[in-house]
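The next block holds one structure in the form of structure tokens; read it before the comments.
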Amino acid sequence: MTKAQHLSGTRALYFEDQADKVEAICDFLRCKLAIRLTQATTPKEAFAYLKQDQFDLIILDVRIRDDEDTSHNKQKWTRYGVYFLKELREGRIPGRTPSDVPVLVITCVVSTADVEEIQRIGNSAGGRCRYLEKPVSRLAMVEEAICDLMAARPGSSNEPATS
Amino acid sequence: MGLRDYVAPVRIAGRTVAIIFGGQRRPNDQRQVDIIRNIDALGSPKSSIAVGSGDKATLKSMIAQLPPSSPALLEELEREADRIAGFAEERRGLLKISREAEFIRTLRIGDVMDEAPLDAEVRRLMHRTVEWCGLDFACIFVTEKSGEKLLKKVLSHGLPADVSNPLPHFNWARAALPATELEGQSHEGILDRNALLKGLRGETAKKLLPRVAFAYANALEGEQRAVLCLSRRRDGMDLETETDFLERLAHWICHPYLERRQYLELKAREEQWEDAASLIGHQVRGSLNPIATETDIVRRRVVDHEEWISPERVVKALDTITAESEALAAYSSEALDFWHWIIGRNHRKFEMRSLAELVKACVDRVKGFAEREKIDVRLDPSIAFLPKVEVIGRTVEVAICNILENAIKYSFDERFIEVRGTAANNFVELEIEDYGIGIPEPEREKVFQKRYRGEYRGRKTAREGEGLGAWQAAEIIRAHGGSLTCTSRAGDRQPVPGSVHGFRTIFAMRLPVEQKYRSEDER
């Protein structure tokens, strides 16, 4: 059994506001890796899914526009993913998904400081986090990152990746 | 009566000398009258009383600079200088240097540069200065570069109520201050007090003038200048010491203020660039991502023969690659537009261009987008008769394209948008009308706000809007002394949230034909 085969049946939430830009990744996750994927394009949707379902993995963008946010706070929407990740790790997002759920961040144009912050927050509170920068040139990179994240889960039959 | 009014350096034939007249003016003192007459006789151009405050030379060395052709005057001046030097020495005790230094330390000038609100910090400094020096009031005026432009900002402390409204202001040109003489200097320029005070304008200036005893002017990179006016000190002191002290105070208060203003301006500009870079980077990478991943889908099917990818999925991948490539091309145009806008706005170089041709060029630019969305952009015959207008570079094109693209995005009821124009009374008006999602009354002003996106979304396109188009267009038109307005009225169908609505929305762009016709408010 390959590493990727172990991902079959994994329940993942992909939180990305521009869903049309990641169709290839989503199809790959669903059809190739047999991941049970749920997509959320707004914070409201994401919170609703997290409340009702338990996820094994969260895939997250950083620059997420909240259509219901009328404050037009640039700082907020250009770094919403960071805020979301912090809330998650600090256990402030209600639902059945544990706060230490593995998180894969796929985003673009984030400063070095932001990347460091994402890694710091994402890898805190017992959680694990990987960061991929768009454009993702090979879908295999997504597969590898997810395998790495899931292998480190307690009870996983995969060996932790060394990378 | 303060000593300083009658103690002043003199400027002769473009050279700087300092002559300090006695501590008390004696109107009937023939000796003083003679000295003034002699100085006048030397002058070509005529001499003027000036405060040569930055000159650190001694009185005698200044006198030595006088033309050699006036030995009698030199003798007289030397005697006067000796007398005044002695007088100044006697009075110097009025201002204890140690106390001065202590006071300056307590001002904590460095605080001006921190993140505390600038005005409040400057007012604090002024308050302390006024209090410590026993002054009646202090004002700071800050202006911009152009000659006759009034100063934009007045900060004051201790001004009586009757001169607070309307606020007095300072006019650089009226004060006959040269545009560049003080550039980058603290107070080395020759400040002709009388001329300088002429710059003090406003309805209440007459009340203010008699009480202004000291003025200070400064410039920083030609952008802003400031004048600090302090009222006369009640108990008086010797001019040299007081002038030095007041000038240093003025410099310390004004200079950080100007620097801080410039810093804030640069910071705002830098933020704009960061915004632009981030936006462009995000859009470009956002489009590159589907191109890269869809290409990988195709490769996996064609090269690796992965069977989970159907032929239909390959076609979809190729379609996405095409659409995103087109979006990338459009982004590069937008990036260029943004560049032109920034450059144009900062330099404001106007040129006459045919608005008719400009509109046609814009329609050509959005043609591809319109065709994909199956929207016909209809040009009214009136467009051909639009005159030439004075515009900044390509900025107006950016504005028109932004509005056209929005119209295409939001046009649902009809498959066309209309563009028409009129010209009257030195203004042209361009209207762009679409038929679809309307803009409710409360939102009409908000659409011109940065990053504002209305409740209803436009057509789903490969290029996600950032809520900048209408804002940028309004900024550009405003910079031309024009206006951009929006009206929206109900059409045949009533709005139903979440669906296509029956509204006619018009964006009207009003521009002066030439800049001389622009609104006074915009000057």
Side-chain angles (χ1 to χ4, degrees), chain A residues 4-5 8 14 16-35 41-42 59 61-81 105-111 113-114 132-144, chain B residues 271-272 274-275 277-301 304 306-310 312-314 316-321 323-324 327-328 442-443 446 449-457 460-468 471:
Chain A
Q5 280 172 324
S8 177
Y14 197 158
E16 155 76 74
D17 62 340
Q18 291 183 283
D20 54 322
K21 304 277 186 188
V22 292
E23 276 185 50
I25 295 176
C26 292
D27 286 351
F28 176 73
L29 295 176
R30 282 198 187 99
C31 304
K32 174 74 177 174
L33 305 182
I35 286 175
T41 57
T42 65
I59 305 171
D61 187 16
V62 170
R63 201 172 164 125
I64 295 171
R65 187 188 293 279
D66 179 4
D67 285 349
E68 291 186 2
D69 176 23
T70 53
S71 67
H72 309 294
N73 183 338
K74 190 189 87 176
Q75 280 298 320
K76 192 175 170 189
W77 76 262
T78 53
R79 300 179 78 249
Y80 190 83
V105 176
I106 306 179
T107 191
C108 60
V109 196
V110 176
S111 69
D114 282 346
L132 280 183
E133 189 171 274
K134 288 178 187 172
V136 177
S137 55
R138 288 282 185 272
L139 291 166
M141 291 164 68
V142 179
E143 181 182 347
E144 187 191 314
Chain B
E271 237 167 55
Q272 284 168 357
E274 272 174 13
D275 269 8
S278 162
L279 193 61
I280 292 164
H282 181 257
Q283 287 182 332
V284 169
R285 281 170 176 265
S287 277
L288 281 175
N289 192 57
I291 290 173
T293 50
E294 295 291 352
T295 303
D296 201 29
I297 293 275
V298 176
R299 188 188 60 77
R300 280 170 179 269
R301 179 72 179 101
D304 302 336
E306 291 189 11
E307 290 182 358
W308 64 273
I309 303 166
S310 65
E312 292 77 21
R313 184 65 186 82
V314 172
K316 188 182 172 190
L318 294 173
D319 285 346
T320 304
I321 292 167
E324 293 296 342
L328 267 180
E443 282 197 24
K446 292 180 187 168
Q449 289 174 6
K450 196 176 184 181
R451 296 193 193 284
Y452 183 80
R453 291 178 4 140
E455 185 184 346
Y456 305 126
R457 289 293 123 82
K460 192 76 183 165
T461 64
R463 297 160 59 196
E464 185 70 5
E466 292 285 345
L468 292 173
W471 164 75

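Residue numbers start from 1 in every chain, and the chains themselves are labelled A, B, ... in the order their sequence lines are given, proteins ahead of strands. What's counted below: heavy atoms across the whole structure, side chains too, no hydrogens, waters or symmetry copies.
Among all heavy-atom pairs drawn from A:Lys21 and B:Asn289, the shortest one is O-ND2, 3.6 Å. Here the shortest heavy-atom pairing between A:Cys108 and B:Gly286 reads SG-N, 4.4 Å.
One finds the OG1 atom of B:Thr293 at 11.0 Å from the CZ atom of A:Arg138 (value rounded to the nearest 0.5 Å). Interatomic distance, CZ of B:Arg285 versus CZ of A:Arg63, reported as 12.0 Å (0.5 Å rounding). Note: A:Asp20 CG to B:Glu324 CD = 7.0 Å, rounded to the nearest 0.5 Å. Once rounded to the nearest 0.5 Å, the distance linking CD of B:Glu306 with CZ of A:Phe28 reads 7.0 Å.
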### Message
What verdict does the side-chain contact (heavy atoms from CB on, under 4.5 Å) test give for A:Lys134 and B:Leu288, after you've listed the backbone C-alpha separation in whole Å, the side-chain angles of each residue and the deciding distance to 0.1 Å?
### Response
CA-CA 8 Å; A:Lys134 288 178 187 172; B:Leu288 281 175; over 6 Å; no
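The side-chain heavy atoms of A:Leu139 and B:Ile297, taken from C-beta on, include a pair separated by under 4.5 Å. A heavy-atom distance below 4.5 Å is found between the side chains of B:Arg313 and A:Asp27.
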